[in-house]
Amino acid sequence: MSGEGSGPSPAVTCRHVGATRGGVQVLHDVDLVVPPGAWVSLVGPNGSGKTTLLHVLAGLVPSSGEVRIASVSPGRAARRVTARTVALMPQRPVVPEGVTVEELVRLGRTPHIARFGSETERDLTIVNRVVERLELGPLTRRFATELSGGELQRVVLARALAQEPRVLLLDEPTSALDIGHQQQVLELVDSMRTESDLTVIAAMHDLTSAAQYGDRLVLLDRGRVVADGTPAAVLTVDRIAQVYGARVEILDRPAGRAVLPLRDPWKAP
Ligand SMILES: Nc1ncnc2c1ncn2[C@@H]1O[C@H](COP(=O)(O)OP(=O)(O)OP(=O)(O)O)[C@@H](O)[C@H]1O
């Protein structure tokens with residue numbers, strides 16, 4: 001599962017990566033090699049370091065060890081170069097006042113526009129295509145600050161996709177979405193992944209979605225990778241009990257592994 005060997009160059013390489021937040025070490029010795037076109041679901045309890053790892057990969061948080069996205073070192077390369085290679089859909093997007101949905105999505109093209117240049121026909125075509133695929137047409141003239149949480153989440157994903165990155169980092173991409181939009185968004189990302197060899201690394205709390213969309217799961221616990229493999233290898237009843245302190249049943253379905261939370265039968269009415 002490492003993606004090493006004689007295949008294509010990895011899309012993502014982390015070797016012995018560590019990171020501190022507020023003076024505390026929150027990532028320890030993370031090794032991760034991801035081939036182009038893979039979907040890696042990053043799972044783990046609250047505070048286990050998922051967002052920190054995504055921010056390290058996006059070059060937003062300094063780290064020790066080696067980090068490469070394609071041939072770019074995100075913490076060291078110029079921001080524009082990094083932003084043409086890797087896009088982050090943040091968990092808590094910050095939206096400036098007075099910016100419309102269309103303007104926000106168009107901001108995704110900024111790293112591709114020459115300094116002092118303006119948008120080309122191609123930039124506008126890409127923005128329109130993303131808006132159409134996420135069915136955002138009716139929202140384009142609205143102010144982004146006035147959207148619902150789920151609407152904003154889809155707009156922020158559109159901005160990241162308009163960036164045309166090689167690697168897309170998603171931080172809880174469906175946390176504010178209803179069940180229909182969850183499926184729509186995850187299917188869309190998956191089809192863009194297969195169409196354009198996009199590499200996806202998605203932090204997800206929903207273990208069923210993580211297993212059904214990810215061909216590989218990386219489980220973090222207290223800043224360390226404690227399991228890395230197929231959903232079937234990583235998601236076991238015992239491991240979920242140990243890492244999350246949760247009681248679950250595992251269901252194997254044609255679409256993949258499903259994780260069903262169960263109430264303690266002694267406490268149920
Ligand atoms: N800016 C910060 N300053 C200080 N500590 C931080 C900061 N950001 C994160 N941390 C701490 O780093 C640790 C890892 O946080 P992180 O957000 O990466 O976890 P997570 O797995 O994404 O959590 P969640 O599932 O709750 O979103 C936590 O203990 C968190 O409190």
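Atoms within a ligand are numbered from 1 in the order they appear, just like the ligands themselves. Hydrogens, waters and symmetry mates play no part in the numbers below; they use all other heavy atoms, side chains included.
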Could you give all pairs that pass the salt bridge (Lys or Arg N to Asp or Glu O under 4.0 Å) test and reach residues 124-139, with sequence neighbours left out?
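Passing the test, one end in residues 124-139: Arg133-Glu195.
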Does anything in residues 26-51 form a salt bridge (Lys or Arg N to Asp or Glu O under 4.0 Å)? List the pairs, not counting sequence neighbours.
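Those involving residues 26-51 do not exist here.
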Salt bridge check: are Arg122 and Glu164 linked by an N-O gap of less than 4.0 Å?
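Salt bridge present between Arg122 and Glu164.
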Measuring from each atom of ligand 1, which residues have a heavy atom under 4.0 Å away?
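Ligand 1 pocket, heavy atoms under 4.0 Å: Arg21, Gly22, Val26, Pro45, Asn46, Gly47, Ser48, Gly49, Lys50, Thr51, Thr52, Gln91, His205.
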Do Asp221 and Arg239 pass the salt bridge (charged side-chain N to carboxylate O under 4.0 Å, His left out) test, and can you show the C-alpha distance, the side-chain angles, and the key distance before you say yes or no?
CA-CA 11 Å; Asp221 187 17; Arg239 187 175 279 123; over 6 Å; no
Listed partners of Arg257 passing side-chain hydrogen bond (donor to acceptor under 3.5 Å, both in side chains), at least two apart:
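If we apply the side-chain hydrogen bond (donor to acceptor under 3.5 Å, both in side chains) test to Arg257, skipping adjacent residues, the hits are Asp252.
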Work out which heavy atom in Pro111 is nearest to a heavy atom in Arg84; give both atom names and the distance.
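Closest pair (atom of Pro111, atom of Arg84, distance): O-NH1, 3.0 Å.
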